[in-house]
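Predicted model, so just to flag it, every value in this text is computed and none were measured.
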Amino acid sequence: PGPSAALPLIGAITAPPHAPARSRPSDGQQAAASPHPVTEAMLLDADQLRRAAPRNDWVVWSTSDNSGGTGLNTACQATRFADPHGLAAFVRTFDATGRPRRSAVQTVEVSRTRAAAAAAYATMLRWYADCTRTHAQLVAAFRVSGLGDAARVLTLRLAGHRWYDVGVARSGAVTTLTVLQTRRGGAVGPHATSADLATAVQRLCGADDAGTCTSAPPRLVPSLPRVGGERVGMLATADLPFVDHLARPWVGTRPTATRSNVAATPCDRTDFHALGARRAVTRTFLVPQARLPERFGLSETYGAFAGGGRATAALHRVQRRMAACSRSDLGARVRHARVVAHSSHGSSYGLWRVEVEVTAHRRVSYWMGVARVGRYLAQVTFSPVPGKDVGAPVFEALVERARDRLLELP
């Protein structure tokens, strides 16, 4: 079968099928100088991909040193190499028949030192944790314990009904990346991705530049990677969901310390400083290229309190206000309410869907959620417009992500 031309994942690969991989020289050195270098035979083969996605029939489409074309093999990759001064690079692409439509790529880079490989690993992870080259949502992220020196798996949702299952690992001075793309179908999931990543690391461990081999099964631990350029403790643009029939990306304003709370609603009227917060930071997200009504957007404010008790008291006040909303404002109706008193990391959160009667013939709606972790409280409000909305599970996942971002704070 030919490459999936509609899938940009492998569109940049120009090497013919089964082209030999070449070591990349650096300052007169060759990776092949090692008695046991990384070789093409150590890359994943079609059988490994078949185990991750058994409904598809996989073939190796090409293998190269990534020196041809643009060198960008996925929609998120920012530069040809994560380590521009490395000793060798290999890229293998895979294509699949069957449904859903899938394709995959594996990249291996050999660095001069373990420190350089650690930097390459961080670069690869950053490409996908904050995929700024296209509209992408970071749906899930895990640290993989017991696999090489460092390993992560990510699940991304992209525009065009696409999913990326991403695995990144470093073993010694060798870094490997696997990306499996699914179009108009579900992601294969973190467990299948981590299994493929473990196989990739195991196949490389015989090289002198790689670290020691591990035989224990990898274990997934939920862990969000930091997103460069974003405010620690707050939602990032990569965290925001896709909205119905809206393909344009979110754009966030600069987070600012403030005494006003742009996430407050007429029901709760939350004032973080009046509730005892020592400081509050707020931010708004819009889709400026979509030409939507001004009310469309998403806002977040978080407050830092003196202790967990103060933050819990503030959360309870918001919950009481929302429970009384329909009585205190006869034009408002709470259509959905969910309060989770005990969640992960000792946290708690709640979310509500409110409809407000503006005129006799016009109603507006919004989603509002709050999350508490320790002495921090975050409030998130989404104001949809007709035809551009999300459901309760999607908004709850966003509130949980706001909670998880609070864990980044000291």
Side-chain angles (χ1 to χ4, degrees), residues 8-10 12-13 21 24 26 31 38 42-44 64-67 70-94 103-134 136 138-145 147-156 158 163-181 190 193-194 196-201 203-204 207 209-211 218 220 223-230 236 238:
L9 179 67
I10 62 174
I13 298 297
R24 181 156 47 96
S26 178
V38 174
M42 295 178 180
L43 303 182
L44 292 171
S64 78
D65 66 351
N66 205 35
S67 60
T70 66
L72 305 181
N73 306 298
T74 75
C76 297
Q77 186 178 344
T79 57
R80 184 184 296 273
F81 300 113
D83 180 2
H85 306 293
L87 297 176
F90 300 81
V91 173
R92 173 166 286 178
T93 62
F94 303 82
S103 56
V105 61
Q106 180 190 14
T107 296
V108 176
E109 294 195 26
V110 183
S111 298
R112 292 173 176 270
T113 65
R114 293 182 176 227
Y121 169 85
T123 296
M124 289 183 181
L125 182 60
R126 185 167 57 249
W127 287 344
Y128 297 91
D130 185 20
C131 182
T132 57
R133 291 177 56 84
T134 188
L138 179 61
V139 176
F142 298 85
R143 180 178 286 109
V144 188
S145 65
L147 180 58
D149 297 297
R152 296 256 196 168
V153 295
L154 312 174
T155 303
L156 276 65
L158 286 78
W163 292 86
Y164 275 3
D165 288 284
V166 181
V168 190
R170 180 182 71 83
S171 177
V174 180
T175 309
T176 187
L177 165 74
T178 62
V179 183
L180 190 152
Q181 178 182 245
T193 303
S194 64
D196 262 4
L197 190 62
T199 301
V201 172
R203 289 171 70 94
L204 292 164
D209 293 302
L220 296 177
S223 177
L224 282 177
R226 293 281 181 89
V227 178
E230 298 281 11

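One distance of note links CG of L147 with OG1 of T199; it measures 9.5 Å at 0.5 Å rounding. In this structure, CG in L158 is found 9.5 Å from CH2 in W163, a value given to the nearest 0.5 Å. Rounding to the nearest 0.5 Å places CG of D209 at 6.5 Å from CG of L87.
Distance alone, capped at 3.5 Å, is enough to place a donor-acceptor pair between the T74 side chain and the Q77 backbone. With S111 contributing its side chain and G86 its backbone, the two residues share no donor-acceptor pair below 3.5 Å. A distance-only check finds a donor-acceptor pair linking the side chain of E109 to the backbone of A82 [under 3.5 Å].
Nearest heavy-atom pair, T175 versus A117, reported as atom, atom and distance to 0.1 Å: OG1-O, 3.4 Å. Of all non-hydrogen atoms in Y128 and L154, the two that sit nearest each other are CB-CD1, 3.7 Å. Nearest heavy-atom pair across A200 and Q106 is CB-NE2, 3.7 Å. Heavy-atom minimum distance, Y164 versus C76: CE2-SG, 4.0 Å. The shortest heavy-atom contact between A89 and F81 is CB-CE2, 3.5 Å. Among all heavy-atom pairs drawn from A136 and C131, the shortest one is CB-CB, 3.7 Å.
Listed by chain and number, the residues in a side chain to side chain contact (heavy atoms under 4.5 Å, CB included) with A78 are W127, R133 (sequence neighbours excluded). Qualifying salt bridge (Lys or Arg N to Asp or Glu O under 4.0 Å) partners for R203, counting only residues two or more places apart in sequence or in other chains: D45.
Using modelled atom types, one finds a donor on one side chain and an acceptor on the other under 3.5 Å when comparing D65 with S67. A donor-acceptor pair shorter than 3.5 Å cannot be found between the side chains of R80 and T70.
Listed by first and then second residue, the salt bridge (charged side-chain N to carboxylate O under 4.0 Å, His left out) pairs that reach into residues 166-178 are D149-R170, sequence neighbours excluded.
The only option from N66, L43, T107 that meets the side-chain contact (heavy atoms from CB on, under 4.5 Å) definition with F90 turns out to be L43. The residue from D83, T176, L177 that alone fulfils the side-chain contact (heavy atoms from CB on, under 4.5 Å) condition with M124 is L177.
Using a 4.5 Å heavy-atom cutoff, the side chains of V105 and V91 are in contact. With a 4.5 Å cut-off on side-chain heavy atoms, T178 and V166 do not count as touching. At least one side-chain heavy atom of L224 sits under 4.5 Å from a side-chain heavy atom of L138. Residues T193 and F142 are not in side-chain contact: their nearest non-hydrogen atoms beyond the backbone lie 4.5 Å or more apart. You'll find the side chain of V139 stays beyond 4.5 Å of the side chain of L156, heavy atoms only. At a threshold of 4.5 Å between non-hydrogen side-chain atoms, the residues V108 and V174 count as touching.
Sparse packing is recorded around CZ of R143, with 12 or fewer heavy atoms of other residues, nucleotides or ligands lying under 6.0 Å away.
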